[in-house]
Amino acid sequence: MSNRTIMLIDGSSLAFRSFYSILDIERFKNKAGLHTNALFSFNRMLDNVLQEFEPSHVLVAFDKSDVTFRTEKYDHYKAGRQKAPSEFKEQMPYFRVLLDAYGIKHYDLINYEADDIIGTLAFQADADDKVVIISGDKDLTQLASDHVTVYITRKGVSDLEAYTPLVIKEKWGITPNQIVDMKGMMGDSSDNYPGITRIGEKTAVKLLKQFGSLENMYDRLDELKASKMKENIINDKEEAYMSKDLAQILQDAPIEIAMDDLVWKEKNIEALVDFYRHMEFNSFLKQIQGDSLNVTSQTEDDKQFADYEIVALQQTDEITSEVLPDYAVYYSETLVDNYHIAEIQAVAWADPLTEKVYIMEKDIAFQSSIFKKWLANPQALKIFYDYKREAVIASRYDCQLEGLDMDILIATYLVDTHNAQELADIVNLLDLSVSVSYDEAVYGKGVKKKVPEELGVFHQHLAKKLQALYLAKEPILLKLDEVVMTDLYYEMELPLAKCLAQLEIIGVKVNQTTLEEKNDQVLSRIKEMEDEIYKMAGEKFNINSPKQLGVILFEKLELPVLKKTKTGYSTAADVLEKLLAKHPIVQAILDYRQIAKLQSTYLAGLPPYIKEDGKIHSRFVQTLTQTGRLSSTDPNLQNIPIRIEEGRLIRQAFVPSQEDWLMFGADYSQIELRVLAHISNDEHMKAAFINGEDIHSATAKRVFHLPEDQPVSADYRRQAKAVNFGIVYGISDYGLSQNLNIPRKEAKAFIDRYFEEFPGIAQYMEEIVAEAKENGYVKTLFNRRRYLPDISASNFNIRSFAERTAMNSPIQGTAADIIKIAMINLQKNLEKEGLESRIILQVHDELILEGPKEEMERLTQLVPEVMEGAAQLSIPLKVDCASGKNWYELK
DNA sequence: AGACTCACG
DNA sequence: ACGTACGTGAGTCTC
């Protein structure tokens with residue numbers, strides 16, 4: 001009794017389908033510029049079917065060339081097919097590489113199609129073999145039998161539909177071997193053979209039920225009533241027989257492989273890892289490293305071990321100067337991102353000279369005063385993965401962290417903003433000679449995330465991380481040099497990391513009682529608003545559910561549907577605003593949403609973040625945004641309400657951390673437009689700034705031809721402001737029309753007028769897009785790069801998006817650079833002058849400080865001076881500032 | 001986990 | 001014709 005499962009895959013068909021299953025092809029591109037979408041999708045499909053069917057034998061068959069015995073029979077066979085796109089063709093050779101790594105046999109045969117190879121092997125299988133055929137082409141269903149099941153991809157490539165003789169019977173009412181008769185009658189437009197004129201699937205099936213086969217039909221033609229159809233059948237006899245012949249899959253192709261060649265044993269992990277690295281398939285990498293780790297923890301594969309010797313220190317007194325080198329790699333492990341609160345799983349450092357890794361429990365390490373002194377010693381240089389994170393962690397043990405030699409995370413981020421995911425990625429990026437597992441593979445994920453039971457596995461993982469960090473240093477510095485960001489790294493990002501560490505450690509004091517009182521008030525109001533809305537709707541429902549809300553508004557109350565989302569009706573604020581006049585419930589919902597947002601995100605959302613010191617310590621992430629801005633998380637302190645008074649009051653809860661101290665705020669006025677004026681060198685815009693004009697009014701005067709000497713109306717100014725914003729974002733007439741709620745034509749006229757009046761800006765927009773196309777990236781004044789692989793995409797939307805990004809990124813990025821410089825310089829100056837005041841928040845174009853009230857006068861001088869002097873542009877930078885008892889008062 | 005909505009610059 | 005403003009993070013619902 002055989003228990004063989006033979007899997008025969010139509011490689012050509014599935015490769016092609018894989019390509020079209022991922023349409024966003026520009027996202028799938030490796031560093032070498034190779035598209036990888038088809039390979040990615042094919043790999044996923046392959047994984048799925050191998051897992052599902054657990055085959056003992058596998059073959060992937062490919063078509064050899066366009067010319068086959070079928071084209072000899074009929075030279076239009078498969079003619080007129082669209083040529084495969086080049087993005088697909090370039091991936092073709094790699095399918096075989098992938099299959100080799102999987103240890104899977106692949107085969108093609110001159111003059112024959114993949115179908116024929118599959119048909120021949122399926123025929124060779126024994127009756128007690130289980131044969132699984134996988135293809136995107138329904139023609140193969142003719143091979144179905146009691147032991148052969150044909151799986152056809154439904155949509156994409158992972159959704160398979162099984163065709164057994166029974167299914168075929170139910171679907172078409174015919175047997176598998178009648179499928180060729182059906183194809184003979186109906187032809188095939190994609191393979192380009194004709195069949196009988198005006199006979200399709202329905203008629204073919206009807207005729208087959210009557211006659212059983214094509215041959216029988218022609219033998220018994222007199223059973224058919226005279227009709228146009230009968231005429232066609234008679235006239236197209238030759239075509240019908242030829243079409244049937246073409247549809248017939250061979251079961252005796254002269255293949256030179258035998259069933260025994262198809263035996264599948266296992267994947268070649270090393271080859272697959274290489275392949276995934278080259279293709280940058282990180283998710284598969286993670287998966288396979290997870291798999292192989294599980295395997296090797298049993299087989300004790302040498303390759304899994306670090307080169308560094310692991311020294312697990314157990315007691316505080318084992319820390320001596322012997323184990324604390326002058327030059328080290330330092331890393332502490334946490335299982336969650338928020339390092340302000342994360343439990344420290346271990347502290348580890350390595351001496352690259354002796355190739356030793358020291359690993360300790362945190363409590364034991366931080367009890368050692370010699371260890372703490374070493375951390376605080378600026379002469380003891382250290383390579384970090386994320387200095388700021390380590391500095392914050394050290395500060396939790398009242399310890400300074402000095403000796404910042406290198407921050408691998410920051411350097412990697414600068415080289416390419418997309419790469420800085422986790423430490424293991426850096427190994428792939430730089431092709432280092434050590435393999436670091438992904439954290440997920442070692443620690444697991446979700447609720448099961450934990451340090452492995454086997455301490456050895458954990459220590460190996462740490463040792464490899466440290467080794468990788470050391471090995472990464474030189475290559476990443478070289479890369480930084482190649483991309484001309486060495487200065488940016490040393491002069492801006494490294495000093496900023498220190499600055500941010502301090503700022504995060506200090507935190508911001510938040511008055512919990514203030515938030516709680518406001519929360520109580522708001523909660524009762526929300527109740528009232530709910531009741532009001534239920535009354536107007538005539539029923540209770542979940543107002544927070546866009547789905548339920550959509551049903552109420554657009555079905556029950558029959559309001560017009562102006563915009564839809566992927567999944568249903570849009571109930572976004574801009575849509576609701578257009579429906580205000582139709583029903584009073586709309587206003588009530590808008591009001592409710594506003595308050596509900598304040599309540600959930602801020603009034604209820606912030607208090608859990610307040611620590612015992614009465615402060616919130618957010619993380620200002622330095623290595624995330626594509627433009628060079630910071631981002632703030634846990635919680636986000638860069639989006640505290642301000643635009644609407646009701647929300648703005650929340651800022652009253654943000655207060656100085658000490659008595660007799662005040663808050664101090666300073667913000668750049670129009671920094672992005674000033675940057676634009678500088679880099680575009682547009683005379684008119686520069687003049688407006690140099691003359692100290694209100695930029696939106698000045699723009700309005702030009703664009704709308706208003707008199708020079710009269711004040712600009714509020715409405716003109718509002719429109720000009722919207723155009724200015726649009727310009728910064730990489731304008732489109734559609735976007736502007738949406739924003740201003742005006743016809744697209746008018747928006748286009750505005751933009752045309754704008755470019756006439758500011759020709760330097762028009763020129764900048766053109767040139768920056770050309771530059772992006774030429775180089776593949778754009779850069780800020782300080783050489784920060786953003787790569788734009790989509791800039792030459794064939795898809796209009798994808799390309800347009802990249803073009804707008806090309807216009808916006810140098811502007812947003814340069815502004816980000818400038819405030820970073822300002823922060824560094826300001827902190828230096830505060831220190832130099834011996835002031836107690838300190839920066840506690842950054843919100844993209846503003847800095848918030850706190851300090852003794854006696855220092856406010858000095859800050860009013862110093863802060864604008866430093867911020868305005870951060871960059872020397874061809875126009876002045878302008879900073880407004882204020883002080884007050886809380887954040888709310890800084891206006 | 002992904003979609004939607006909305007807070008900020 | 002295509003159908004979108006640039007950059008973020010978080011709460012909520014739904015599957």
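Just the heavy atoms: all of them, side chains too, but no hydrogens, waters or symmetry mates, feed the values below. In this text the structure is predicted, and so the values were computed from the model without any measurement. Here is the naming used below: chain letters follow the sequence lines, and residue numbers restart at 1 for every chain.
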Output field dot_bracket for DNA chain C (Watson-Crick or G-U, both distances under 3.5 Å, | for other-strand pairs) contains .....|||||||||.
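- Within the nucleic acid shown, A/I640 comes within 4.0 Å of sugar-phosphate atoms alone, with no base atom in reach, counting heavy atoms only.
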Assign a letter to each nucleotide of nucleotides 10-15 of chain C from its 5' end: B, base within under 4.0 Å of a protein heavy atom; S, sugar-phosphate only; -, no contact. SSSSSS
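- The side-chain hydrogen bond (donor to acceptor under 3.5 Å, both in side chains) search around A/Y443 returns A/E333, not counting sequence neighbours.
- Across all strands, A/D845 comes closer than 4.0 Å only to sugar-phosphate atoms, never to a base (heavy-atom distances).
- The side chain to side chain contact (heavy atoms under 4.5 Å, CB included) check on A/N48 picks up A/R44, A/S158, with sequence neighbours excluded.
- Residue-level contact check: A/L630 touches neither bases nor backbone, having no heavy atom under 4.0 Å from any strand.
- Within 4.0 Å of A/G730, counting heavy atoms only, lies no atom of the nucleic acid at all.
- When the side-chain hydrogen bond (donor to acceptor under 3.5 Å, both in side chains) test is applied to A/R674, no partner is found at least two apart in sequence or on another chain.
- For the atom pair CD (A/E504) and CD1 (A/I616), the distance works out to 13.5 Å, reported to the nearest 0.5 Å.
- Every residue meeting the salt bridge (Lys or Arg N to Asp or Glu O under 4.0 Å) condition with A/E646, not counting sequence neighbours, appears here in chain and number order: A/R525.
- Within the nucleic acid shown, A/R643 comes within 4.0 Å of at least one base atom, counting heavy atoms only.
- B/dC6 and C/dA5 are spaced 14 Å apart, taking the P atom of each and rounding to whole Å.
- At the heavy-atom level, A/A722 lies under 4.0 Å from base atoms of the strands shown.
- Atom P of nucleotide C/dG3 and atom CZ of A/R804 are separated by 12 Å, given to the nearest angstrom.
- A/R786 comes within 4.0 angstrom of the backbone, heavy atoms only, and of no base.
- Looking at heavy-atom distances under 4.0 Å, A/V843 makes contact with sugar-phosphate atoms alone, never a base.
- Between A/Y754 and A/F758, the ring planes are tilted. Angles from 30° to 60° get that label.
- Bracketed by its first and final contacts, the part of DNA chain B lying under 4.0 Å from non-hydrogen atoms of chain A reaches from B/dA3 to B/dG9 in 5' to 3' order.
- Residue pairs meeting the salt bridge (charged side-chain N to carboxylate O under 4.0 Å, His left out) criterion with at least one partner in residues 590-601 of chain A, sequence neighbours excluded, do not occur; the list is empty.
- A/F750 has its ring centre less than 6.0 Å from the ring centre of A/F704.
- When heavy atoms are screened at a 4.0 angstrom cut-off, A/E672 is found touching no nucleic acid atom at all.
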For residues 761-772 of chain A, run the donor-acceptor check on the side chains, cut-off 3.5 Å, and write out each pair with its distance to 0.1 Å, sequence neighbours left out.
unit_1 : atom_1 : unit_2 : atom_2 : d
A/Q763 : NE2    : A/E767 : OE2    : 2.8
A/Y764 : OH     : A/M807 : O      : 3.1

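- Pairs engaging residues 804-816 of chain A under the salt bridge (charged side-chain N to carboxylate O under 4.0 Å, His left out) rule: none recorded [sequence neighbours left out].
- Ring-to-base geometry does not place A/F801 in a stacked arrangement with C/dT4 (centre distance under 5.5 Å, plane angle under 30° required).
- Rounded to whole Å, the separation between the P atoms of C/dT4 and B/dT5 comes to 14 Å.
- No contact: A/S809 has no heavy atom under 4.0 Å from any strand.
- Applying the salt bridge (charged side-chain N to carboxylate O under 4.0 Å, His left out) test to every pair with at least one member in residues 746-755 of chain A, sequence neighbours left out, gives these pairs: A/K748-A/D752, A/R753-A/E756, A/R753-A/E757.
- Evaluation of atom-type donor-acceptor distances gives a pair under 3.5 Å for the side chain of A/S732 against the base of C/dT4.
- Applying the side-chain hydrogen bond (donor to acceptor under 3.5 Å, both in side chains) test to pairs two or more places apart or on separate chains, none has a residue in residues 728-741 of chain A.
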